[in-house]
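Each chain gets a letter, A, B and so on, in the order the sequences are listed, and its residues count up from 1. What you see is a predicted model, and the numbers here were worked out from it, not measured in a lab.
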Protein chains: 2
Amino acid sequence: MQSNQCQPGTLAGEIRVAANRLVRRLRAERGEADLPEHLFVVLTALKKFGPMTPGALAELESVRPPSMTRTVNALSELGFVEKTGDERDKRQVRVELTDRGIAEINETRRRRDAWLTKELSKLGPEDRQALASASEILKTIAGQ
Amino acid sequence: MQSNQCQPGTLAGEIRVAANRLVRRLRAERGEADLPEHLFVVLTALKKFGPMTPGALAELESVRPPSMTRTVNALSELGFVEKTGDERDKRQVRVELTDRGIAEINETRRRRDAWLTKELSKLGPEDRQALASASEILKTIAGQ
DNA sequence: TATTGTTATACTCTATAACTATA
DNA sequence: TATAGTTATAGAGTATAACAATA
């Protein structure tokens with residue numbers, strides 16, 4: 001059932017379809033109060049890696065700089081990040097999590113993954129392990 | 001390294017971030033000539049399941065009926081599907097692959113996954129197996 | 001009345017091109 | 001000149017609301 005998908009070409013299509021379908025489903029399941037995905041991933045990136053420039057965030061998330069400018073501004077208006085100028089290179093901007101941003105990550109995490117968490121709880125440990133491994137692999141591939 | 005992601009809650013976040021990042025990356029890698037993802041997945045669904053109504057396609061892909069109407073019309077204008085009225089229930093529409101649509105699937109598959117296929121070829125068999133398993137699991141979860 | 005699908009309209013997220021400020 | 005970021009504008013894909021046709 002799975003062995004015939006181990007050729008790289010076929011597998012690529014399977015992965016692409018699965019990822020796109022999941023993203024659409026997650027959007028449909030997301031509650032009104034939840035932060036949109038592209039905002040939330042920036043908060044988690046800042047928590048994981050510390051303060052970053054908009055350019056670095058754009059590269060990490062595979063979007064163009066103007067898109068990240070809008071994302072960062074939206075987070076700033078919500079009070080979840082703070083933009084400060086770099087002293088040494090005044091072209092650069094430092095984007096930093098605020099206390100409210102950190103709190104938002106923690107509160108949101110519990111709420112927003114409710115549907116997917118429930119689905120995952122129905123799986124056996126082997127399936128969960130496969131998903132954990134796959135997540136790591138895909139994040140690495142997508143971030144190159 | 002992976003065992004700490006096997007709690008359903010944490011894992012949900014990992015999967016969500018990975019899926020969204022991959023979708024963005026695939027969009028960035030996609031060539032000009034390639035069919036957009038939401039059009040392509042409908043062609044593959046019709047190939048796999050045979051002729052379907054727009055409503056069934058919308059449910060399968062987790063989009064709303066008006067969105068699927070636009071998708072099906074775009075495919076119809078490209079000559080890849082044909083819409084015919086149901087004889088017995090004249091409200092319903094039957095969406096069917098054309099020969100050109102079938103050819104498009106085959107031609108496109110080879111082209112469009114080039115980048116991801118190349119990345120997957122660098123992986124070992126265990127990683128590929130994990131991705132194959134994960135794709136199946138995620139498609140099932142997202143399709144419910 | 002309920003169901004299937006469409007049209008009209010608007011929102012979200014992204015991109016490219018052009019611009020400003022700094023190095 | 002080159003780089004970091006922003007502003008202006010447009011395109012793609014989705015949604016909700018209102019509508020038409022049929023059951």
Quiz item: Base, sugar-phosphate, or nothing: which does P66(A) touch, judged by heavy atoms less than 4.0 Å apart?
Solution: base

Quiz item: What is the distance from CG of N20(A) to C1' of dA12(D), rounded to the nearest Å?
Solution: 14 Å

Quiz item: Given that M68(A) and V63(B) both sit by DNA chain D, which one's nearest nucleotide is further toward the 5' end?
Solution: M68(A)

Quiz item: Do other residues, nucleotides or ligands put more than 12 heavy atoms under 6.0 Å from K83(B) NZ?
Solution: yes

Self-check item: DNA chain D-proximal residues of residues 86-97 of chain B, any heavy atom under 4.0 Å
Solution: R88(B), D89(B), K90(B), R91(B)

Quiz item: Angle, rounded to 10°, between the helical axes spanning five pairs at each terminus of the helix from dT1(C)-dA23(D) to dA23(C)-dT1(D)?
Solution: 10°

Quiz item: Which two nucleotides bound the region of DNA chain C that has atoms under 4.0 Å from heavy atoms of chain A, read 5' to 3'?
Solution: dC13(C) to dA23(C)

Self-check item: Atom-pair distance (CD on E37(A); P on dT14(D)), nearest Å
Solution: 16 Å

Quiz item: Rounded to the Å, how far apart are E59(A) CD and dG5(D) C1'?
Solution: 15 Å

Quiz item: Is any side-chain N or O of S67(B) closer than 4.0 Å to OP1 or OP2 of dG13(D)?
Solution: no

Practice problem: Take atom CZ of R64(B) and atom C1' of dA18(D), then tell me their distance rounded to the nearest Å. | Solution: 16 Å

Quiz prompt | Worked verdict on T140(A) versus E136(A) for side chain to side chain donor-acceptor pair (under 3.5 Å) | solution = CA-CA 6 Å; T140(A) 302; E136(A) 279 301 305; 5.1 Å; no

Self-check item: Spatial distance of atom CD (E119(B)) from atom CD1 (I137(A)) [nearest 0.5 Å]
Solution: 12.5 Å

Quiz item: For the residue pair L46(A) and V95(A), what are the closest heavy atoms and their distance?
Solution: CD2-O, 3.5 Å

Exercise. Check each of R24(B), R27(B), R25(B) against E61(A) using the salt bridge (charged side-chain N to carboxylate O under 4.0 Å, His left out) test, and report the only one that passes.
Key: R24(B)

Quiz prompt | CA sep, side-chain torsions, deciding dist, call: E14(A), K139(B), salt bridge (charged side-chain N to carboxylate O under 4.0 Å, His left out) | solution = CA-CA 9 Å; E14(A) 294 293 322; K139(B) 279 200 296 182; 2.6 Å; yes

Quiz item: Looking at dT14(D), does its base get a donor-acceptor pair with the side chain of R70(B) below 3.5 Å?
Solution: yes

Practice problem: Evaluate the side-chain proximity of F40(A) to R109(A): yes if any heavy-atom separation is below 4.5 Å, no if none is. | Solution: yes

Exercise. Can you tell me the distance, in whole Å, between the CZ atom of R27(A) and the C1' atom of dG13(D)?
Key: 8 Å

Quiz prompt | R64(B), CZ atom: more than 12 neighbouring heavy atoms under 6.0 Å | solution = no

Quiz item: Which atoms form the tightest heavy-atom contact between A12(A) and T117(B), and what is the distance?
Solution: CB-OG1, 3.5 Å

Quiz item: Taking everything shown except E29(A) itself, do over 12 heavy atoms lie less than 6.0 Å from its CD?
Solution: yes

Exercise. State whether the number of non-hydrogen atoms from other residues, nucleotides or ligands found under 6.0 Å of N106(B) atom CG is greater than 12.
Key: yes

